[in-house]
Undergrad: 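I am attaching a structure below and will ask some questions about it afterwards.
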Amino acid sequence: GIQVEQSPPDLILQEGANSTLRCNFSDSVNNLQWFHQNPWGQLINLFYIPSGTKQNGRLSATTVATERYSLLYISSSQTTDSGVYFCAVREGGKLIFGQGTELSVKP
Amino acid sequence: ETGVTQSPTHLIKTRGQQVTLRCSSQSGHNTVSWYQQALGQGPQFIFQYYREEENGRGNFPPRFSGLQFPNYSSELNVNALELDDSALYLCASTPAISGANVLTFGAGSRLTVL
């Protein structure tokens, strides 16, 4: 099956800093999502981005499907950005998740 | 508010007991899937239901079973609970069985097995 790896596993930022999270996957995919899991466990869809670039406010994502990676950019980070960020790719009817990047934004 | 609601939010069981977790999907979302998320890990696929039939299963034993109902609700049942079943259980729904669709997750049910 497809393997999904995320880096870094942990990240500590000062409020206002920018960051880049990476997701590598082992095979070609046509469905990739980025999620933010808040401290209460809720998985929030950030982007559906099988290829190309999308932006939503301070967040943007780029997937280069031919090179099997996706990047999530967070600019001007805020304390509310803290939590775990997951990327997930679809294989058949299921999503395969990476291990996540735990982000902590300090005031 | 994602339109996918799960209950209960938290529960505690003892080893050997049985548990039923519930999920209510958005109207028109006829595909529902369940995931188990152990502490510090990414969610793992348990199974998927489409039009009340199981049509995909991950690496979970038969004591994990499910049901899907015509009113877009579903259940996850776990028998003979083990300590390692302690996890966050997430339900996700999508309008279609395949294709490039976005899964929408509920807030989860956090199960602790003592």
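Chain identifiers are assigned alphabetically (A, B, ...) following the order of the sequence lines, protein sequences preceding nucleic acid strands; residue numbering begins at 1 within each chain.
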Undergrad: If the test is side-chain contact (heavy atoms from CB on, under 4.5 Å), which one of Leu76(B), Val32(B), Thr5(B) qualifies with Cys23(B)?
TA: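 Result for side-chain contact (heavy atoms from CB on, under 4.5 Å) with Cys23(B): Val32(B).
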Undergrad: Going by distance alone, is a donor N or O of one side chain under 3.5 Å from an acceptor N or O of the other, for Glu5(A) and Asn24(A)?
TA: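 The criterion, which ignores hydrogens and geometry beyond distance, is not satisfied for Asn24(A) and Glu5(A).
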Undergrad: Listed by chain and number, what are the side chain to side chain donor-acceptor pair (under 3.5 Å) partners of Arg22(B), not counting sequence neighbours?
TA: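 Listed in chain order: nothing, the list is empty.
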Undergrad: Checking salt bridge (charged side-chain N to carboxylate O under 4.0 Å, His left out) between Asp85(B) and each of Arg15(B), Arg110(B), Arg63(B), which is the one that passes?
TA: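 Among Arg15(B), Arg110(B), Arg63(B), the one meeting salt bridge (charged side-chain N to carboxylate O under 4.0 Å, His left out) with Asp85(B) is Arg63(B).
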Undergrad: Tell me the residues of residues 71-81 of chain A whose non-hydrogen atoms fall below 4.5 Å from those of chain B, in number order.
TA: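 Expected list: none.
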Undergrad: Checking side-chain contact (heavy atoms from CB on, under 4.5 Å) against Val113(B), which of Asp84(B), Leu11(B), Leu81(B) comes through?
TA: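 Of the listed options, the one satisfying the test is Leu81(B).
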Undergrad: Identify the heavy atoms of Gln17(B) and Thr14(B) that sit nearest to each other, and give their distance.
TA: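 Reported closest heavy-atom pair: OE1-N, 2.8 Å.
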Undergrad: Top residue by heavy-atom pair count (under 4.5 Å) with chain A, among Gly108(B), Pro43(B), Gly56(B)?
TA: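 Looking at each of Gly108(B), Pro43(B), Gly56(B) in turn, Pro43(B) comes out on top.
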Undergrad: Taking the ring of Tyr35(B) and the ring of Phe45(B), is the distance between their centroids below 6.0 Å?
TA: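 Here the rings of Tyr35(B) and Phe45(B) have centres that are less than 6.0 Å from each other.
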Undergrad: Do the side chain of Glu53(B) and the main chain of Tyr50(B) share a donor and acceptor less than 3.5 angstrom apart?
TA: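 Such a contact is absent between Glu53(B) side chain and Tyr50(B) backbone.
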Undergrad: Between Gln37(B) and chain A, with a heavy-atom cut-off of 4.5 Å, which part of the residue counts as in contact: side chain, backbone, both or neither?
TA: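 The answer is the side chain of Gln37(B).
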Undergrad: Is the distance between the ring centroids of His36(A) and Tyr85(A) under 6.0 Å?
TA: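 Distance test on ring centres: under 6.0 Å, yes.
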Undergrad: Scan residues 30-90 of chain B for pairs that pass disulfide (SG to SG under 2.5 Å), counting only residues two or more places apart or in two chains.
TA: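 Residue pairs passing disulfide (SG to SG under 2.5 Å), neighbours aside: none found.
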Undergrad: Where the side chain of Asn45(A) meets the backbone of Phe47(A), is there a donor-acceptor pair that is under 3.5 Å apart?
TA: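 No, the answer is negative, given that no donor and acceptor are paired below the 3.5 Å cut-off.
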Undergrad: Need one label for Phe47(B): side chain, backbone, both or neither, based on atoms under 4.5 Å from any heavy atom in chain A.
TA: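 Looking at Phe47(B), nothing touches chain A.
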Undergrad: Are there residues of residues 94-107 of chain A that reach to under 4.5 Å of chain B by heavy atoms, and which ones?
TA: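 Interface residues of residues 94-107 of chain A: Lys94(A), Leu95(A), Phe97(A), Gly98(A), Gln99(A).
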